[in-house]
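Below is one structure, written out as structure tokens; the observations come after it.
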Amino acid sequence: MNQSRTPLFSKLTEHQQTSPWSFHVPGHKNGNVFFSKAKPVFEQILSIDQTEIAGLDDLHDANGVIHEAQQLTAELYQTKSTHFLVGGSTVGNLAMLMTVADRGDVVLVQRNSHQSIFHGLELAGLRPVFLKPEKDEETGLALGVPLSTLKLGLHQFPEAKAVFLTNPTYEGYGQLLNQHVRVAHASGMVVCVDEAHGAHFIHEEASWPQSALMAGADLVVQSAHKTLPAMTMASFIHINTHQVNEEKLKTFLRMLQSSSPSYPLMASLDVARAYLASFMEQDWTRLTEDISALKGQLKKGPGWRQANQKIGNYVQDPLKWVFVTEHKQAAYKWKQRLEQRFAFPELASPQHLLLTLPFTKIGIDKEPIIAMLSEILTLNEQEVGQGFREGVELASPVSELALSMSDSHELETKVIPWKQSEGEIAAETITPYPPGIPLIVKGERIREDQLIKLTQLIETEASFQTGRGWIEQGMTIFRDRGE
């Protein structure tokens with residue numbers, strides 16, 4: 001197939017030029033009916049914001065231009081089939097969980113997974129067994145699940161139906177998953193991977209992480225909007241083997257996604273795929289060298305350094321640029337300084353600042369970036385203060401919840417001051433966002449190290465998608481059965 005084709009986008013622009021009348025939804029009528037103040041900003045995108053009319057196909061029964069756009073994507077990624085997602089990788093993760101396991105089944109889950117995985121586990125009524133990720137002691141960065149931990153989980157829970165991994169991490173670190181896939185398949189398990197940050201991994205190159213698709217994972221979800229030029233929420237779910245019941249997956253996608261999916265989002269997936277396909281080998285080489293030169297120009301400063309491009313068996317996505325500090329407040333001060341210059345980083349956490357670089361052929365204008373970062377990456381006496389205290393983390397690499405998700409619906413709860421919650425069983429999930437990885441999971445026994453990290457996040461006014469009301473009002477925990 002011709003990867004320069006954009007069948008869905010082209011059909012929408014043709015419709016835009018030839019169909020002035022709209023006697024159907026949406027109500028803006030091709031952009032003609034709209035709030036005047038906003039119309040100049042929205043009108044171009046509104047002209048392709050269509051619905052399931054003749055010639056424009058239907059995502060949930062695709063046999064025309066959407067079907068062709070999805071086929072082109074599957075061909076590029078060399079998968080059995082690919083489906084467009086308009087609800088982000090979140091909806092893909094939910095659909096994966098519901099497709100490969102039934103209520104009550106055991107599944108192995110990487111503990112530093114995105115919150116959507118934990119939501120899916122609860123919705124699907126599954127019994128999760130958590131696999132502890134490796135941690136780089138030098139930088140404090142959480143990485144992936146080592147093969148030894150996966151083997152231990154498979155040995156202890158041979159009845160598990162599937163394995164859910166995240167690769168790469170939010171900070172871009174990925175590992176080769178070939179052996180993970182081989183071992184899981186030998187145990188009869190399906191391998192599902194949240195590869196939200198890896199939609200651009202189609203080129204085999206030592207300085208870039210390998211895609212889970214190349215490793216042979218069965219189901220892989222990717223957020224095209226995170227690194228490719230696609231609109232927010234535009235994502236893919238790839239079926240990579242015949243082990244997956246595609247009709248069952250499609251059924252859950254119909255349940256979980258809107259029956260009126262956004263055509264601009266789907267069209268952006270069509271053109272993002274064409275953009276990725278247009279990257280030639282020389283483009284990859286140039287981009288790799290360009291980013292390496294950019295990072296190389298910024299020298300290590302007092303109290304901070306750049307995270308290594310390789311940590312053990314893990315390779316970092318060059319698009320991710322991580323700065324590490326041992327000093328409280330420093331990363332958040334850097335974030336504030338960037339925002340004062342209308343430059344917005346991807347993430348600031350107690351020990352790290354994360355920037356996401358563009359996936360571009362035209363090169364990166366290095367000088368203004370280096371000048372700005374050289375200015376903001378400084379530490380005064382206040383910022384060089386006290387370092388970080390670590391608590392005792394969970395020792396076992398394989399663990400279960402203290403209270404199953406099914407049992408949690410039957411117990412009463414109470415609210416106590418969160419600083420006094422160590423040893424209690426959480427009745428709510430606490431999720432700092434970004435990155436959207438739960439710090440404390442509902443049904444989990446709360447540990448000292450989690451409360452230490454929580455204290456650090458609160459002190460730096462981090463955002464929580466679970467809200468911040470619990471900080472003043474108290475954390476919700478489960479009552480003892482004897483209370």
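For this chain, numbers begin at 1 and follow the sequence in order. Since the structure is predicted, the reported quantities are computational estimates derived from the model, not experimental observations. Side chains are part of it too, since the values below use all heavy atoms of this structure and drop only hydrogens, waters and symmetry mates.
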Partner residues of [X] under the side chain to side chain contact (heavy atoms under 4.5 Å, CB included) criterion, sequence neighbours left out:
| X | result |
| --- | --- |
| Met255 | Thr251, Phe252 |
| Pro345 | Lys335, Leu338, Glu339, Leu353, Leu355 |
| Glu346 | Tyr170, Leu354, Thr356 |

Which residues pass the side-chain hydrogen bond (donor to acceptor under 3.5 Å, both in side chains) test with Arg182, not counting sequence neighbours?
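Listed in chain order: nothing, the list is empty.
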Taking NZ, NE, NH1 and NH2 as the nitrogens, is one of them in Arg447 or Glu422 under 4.0 Å from a carboxylate oxygen of the other?
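No, Arg447 and Glu422 are not salt-bridged.
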Sequence neighbours excluded - ring pair (Phe, Tyr, Trp, His ring centres under 6.0 Å) pairs with any residue from residues 174-193
none
Write out all pairs satisfying ring pair (Phe, Tyr, Trp, His ring centres under 6.0 Å) with one or both partners inside residues 106-125, taking only residues at least two apart or from two chains.
Phe118-Phe130
Salt bridge (Lys or Arg N to Asp or Glu O under 4.0 Å) involving Asp105 - partner list, sequence neighbours excluded:
Lys161
List in chain and number order the residues that pass salt bridge (Lys or Arg N to Asp or Glu O under 4.0 Å) with Glu138, two or more places apart in sequence or in another chain; answer none if no residue qualifies.
Arg305
Counting only heavy atoms not in [X], do more than 12 sit closer than 6.0 Å to its [atom1] atom?
| X | atom1 | answer |
| --- | --- | --- |
| Lys151 | NZ | no |
| Lys248 | NZ | yes |
| Lys80 | NZ | yes |

If the condition is ring pair (Phe, Tyr, Trp, His ring centres under 6.0 Å), which residues does [X] pass it with, not counting sequence neighbours?
| X | value |
| --- | --- |
| Tyr433 | none |
| Phe279 | Tyr275, Trp284, Phe359 |
| His238 | Tyr77, Phe236 |
| Tyr263 | none |

Any side-chain to backbone donor/acceptor pair from His352 onto Ala307? Under 3.5 Å, distance only.
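Looks like no, no N/O pair under 3.5 Å.
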Check whether any side-chain heavy atom of Val244 lies under 4.5 Å from a side-chain heavy atom of Thr99, and answer yes or no.
yes
Test of ring centre spacing under 6.0 Å for Tyr332 and Trp334:
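Centroid separation for Tyr332 and Trp334: 6.0 Å or greater.
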